[in-house]
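Just so you know, ligand 1 is whichever comes first in the structure, and atom 1 is the first atom listed for that ligand.
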Amino acid sequence: MLRKIALASLCFLALTHSQQVGKEVTETHPRLPFQKCTRSGCTNVSNGQVVLDANWRWLHVTDGFTNCYTGNSWNTSVCSSGTQCAQRCALEGANYQKTYGITTSGNALTIKFLTKDSQTNVGGRVYLMDSDTRYHMFQLLNQEFTFDVDVSKIPCGINGALYFIQMDADGGMSKHSGNKAGAKYGTGYCDSQCPRDMKFISGEGNAQGWTPSPSDPNAGTGTYGACCAEMDIWEANSMSSAYTPHPCRTPNDGGYYRCTGQECNQPRYEGVCDPDGCDYNPFRQGVRDFYGPGKTIDTNKKITVVTQFITDNNSSSGTLVEIRRVWVQDGRVIQNPPTNFPGLMEPYDSLTNQFCDDQKRIFEDNPSFQRNGGMAAMGRSLAKGHVLALSIWNDHTANMLWLDSSYPVDADPNKPGIARGECPTTGGKPKDTEQNHPDAQVIFSNIRYGDIGTTYTAG
Ligand SMILES: *[C@@H]1O[C@H](CO)[C@@H](O)[C@H](O)[C@H]1NC(C)=O
Ligand SMILES: *[C@@H]1O[C@H](CO)[C@@H](O)[C@H](O)[C@H]1NC(C)=O
Ligand SMILES: *[C@@H]1O[C@H](CO)[C@@H](O)[C@H](O)[C@H]1NC(C)=O
Ligand SMILES: *[C@@H]1O[C@H](CO)[C@@H](O)[C@H](O)[C@H]1NC(C)=O
């Protein structure tokens, strides 16, 4: 729910990147094959590859190696306005393995949590592409999306996430003349938290009003935020998992939008996107023996996760009415468990508007999902095409307690909706996760999507 405000852990080097392109390191995207399925079988989408988000990259002046951005601050003697920063600063190519701990092998992607090179990189985020310069655009209505994941090395407080966002296929290059780097350099990120830690938004530096983070040596926030609708397929560690749609009221049914002030959810819930979403976390739904080490879904082993986007007339042009989850492990298909606590109208096992209404009422959560248009709005956004993001991160805002512990920490953990997992309420502090779990990592593999029922089998 709270999520990526904190994706701030973008601790990468103190380096920076800009919207120009550096010439020091050639940008070579790791290959990651993925598949499209129909009733007649699955075929490889050609040219599958991943690209590192621009925010993690070294940002230096276009005509030299002076940093445009160091640690959590812009170098104001290089540039002070958004346009100047876009003109004078260049985003550098990435050494994926050495600097960022990102590798691919066959159809598997590994993202390490911590990588020590000349500096320490924390977390990482990549996008799936089908060419060197364009993100793959997924059309998910009346389709299902499936992947395998190994969360066995993700402890409390760290999140290995796989999600869709309504980014532009070219990273915003054609819309924003200041952006000369584009998708090839991982530009154009946005999500439903309207993150203000992005160094560039809409082809301009976010340098104006930039305030270094008090807790994160590698992040800060600017005047602007980058909003768009988001469909979280998977936010998880070895203890808890959730899937969560977050619609927005930005132009183009949830498309990329540069917000300021209240629009950026300051205060929370007053902006143009739904920051909480409507989540299905089996533990939070009262099913405590379902997901975790040694449980029904055993997080010590590889898991196959299927997500189905059901429309009202079983057609890709219909209205999104339900998002279903199916699990496969050890050759066994396992249905998502029905909710298990008193007061619900029925034991729901998937996300629908009725489930969301009922859950928000009983949990006494803010109905921001409904106010932002609910399932139908999420569906209109998905119909525009979404980009797949894969990441690992820790949480400088809420220590990931909203995912894996009891939250808020001062609420009665026996009240429905408060307990989300078995992690301690004192855990998840970014410093602790970085000190105690330098070997944390996530492995995503065998990504495929297509007609419902065609991406997985038992056996
Ligand atoms: C699809 O890609 C996988 C992984 O690269 C490869 O092993 C397989 O042979 C490919 N299949 C086809 C039909 O090209
Ligand atoms: C900031 O830029 C100036 C040149 O404009 C340079 O001399 C200085 O070293 C830079 N500061 C940092 C911290 O990189
Ligand atoms: C859509 O497909 C499901 C499953 O095959 C079926 O139960 C349902 O009746 C269909 N709905 C419509 C409106 O055709
Ligand atoms: C599904 O619903 C949409 C929107 O009402 C409509 O445009 C489309 O023709 C319908 N498709 C089918 C197969 O009924």
Report task. For ligand 2, would you mind listing the residues that have at least one heavy atom less than 4.0 Å away, ordered by chain and number? Result ->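 Under the 4.0 Å cut-off, ligand 2 touches T66, N67, T70, N75, S77, V78.
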Query - Result of checking D451, T307, T454, T311 against Q143 for side-chain hydrogen bond (donor to acceptor under 3.5 Å, both in side chains) - result: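 With Q143 as partner, side-chain hydrogen bond (donor to acceptor under 3.5 Å, both in side chains) holds for just one option, D451.
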Query raised in the report: Where on S317 is there a heavy atom closer than 4.0 Å to ligand 4, on the side chain, on the backbone, on both, or on neither?
Result: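 Both backbone and side chain.
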Query - Minimum heavy-atom distance between T187 and A183, given as atom pair plus value - result: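 Smallest heavy-atom distance, with atoms named: OG1-N, 3.9 Å.
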Query - Test: D349 and R325 ion pair at under 4.0 Å - result: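 Result for this pair is no, no salt bridge flagged.
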Query raised in the report: Would R284 and D365 pass as an ion pair if we require N to O under 4.0 Å?
Result: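 Looking at D365 together with R284, the answer is yes, because their closest N to O distance falls below 4.0 Å.
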Query - Passing candidate, disulfide (SG to SG under 2.5 Å) with C227, options C264, C248, C194 - result: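 Among C264, C248, C194, the one meeting disulfide (SG to SG under 2.5 Å) with C227 is C194.
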Requested in this report: Could I get the full list of side chain to side chain donor-acceptor pair (under 3.5 Å) partners for D432, not counting sequence neighbours?
Outcome: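 Per chain and number, D432 pairs via side chain to side chain donor-acceptor pair (under 3.5 Å) with no residue.
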Query - Where ligand 3 meets D312 - atom numbers and elements under 4.0 angstrom, heavy-atom basis - result: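 Contacts of ligand 3 toward D312, numbered from 1: 13 (C).
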Report task. Would you mind listing which atoms of ligand 4 come within a distance below 4.0 Å of any non-hydrogen atom of N313? Result ->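 The atoms of ligand 4 under 4.0 Å from a heavy atom of N313 are 1 (C), 2 (O), 3 (C), 8 (C), 10 (C), 11 (N), 12 (C), 14 (O).
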**Report entry** D357 side chain to Q370 side chain, donor-acceptor N/O pair below 3.5 angstrom
**Finding:**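 A pair is found: one side chain offers a donor N or O, the other an acceptor, under 3.5 Å apart.
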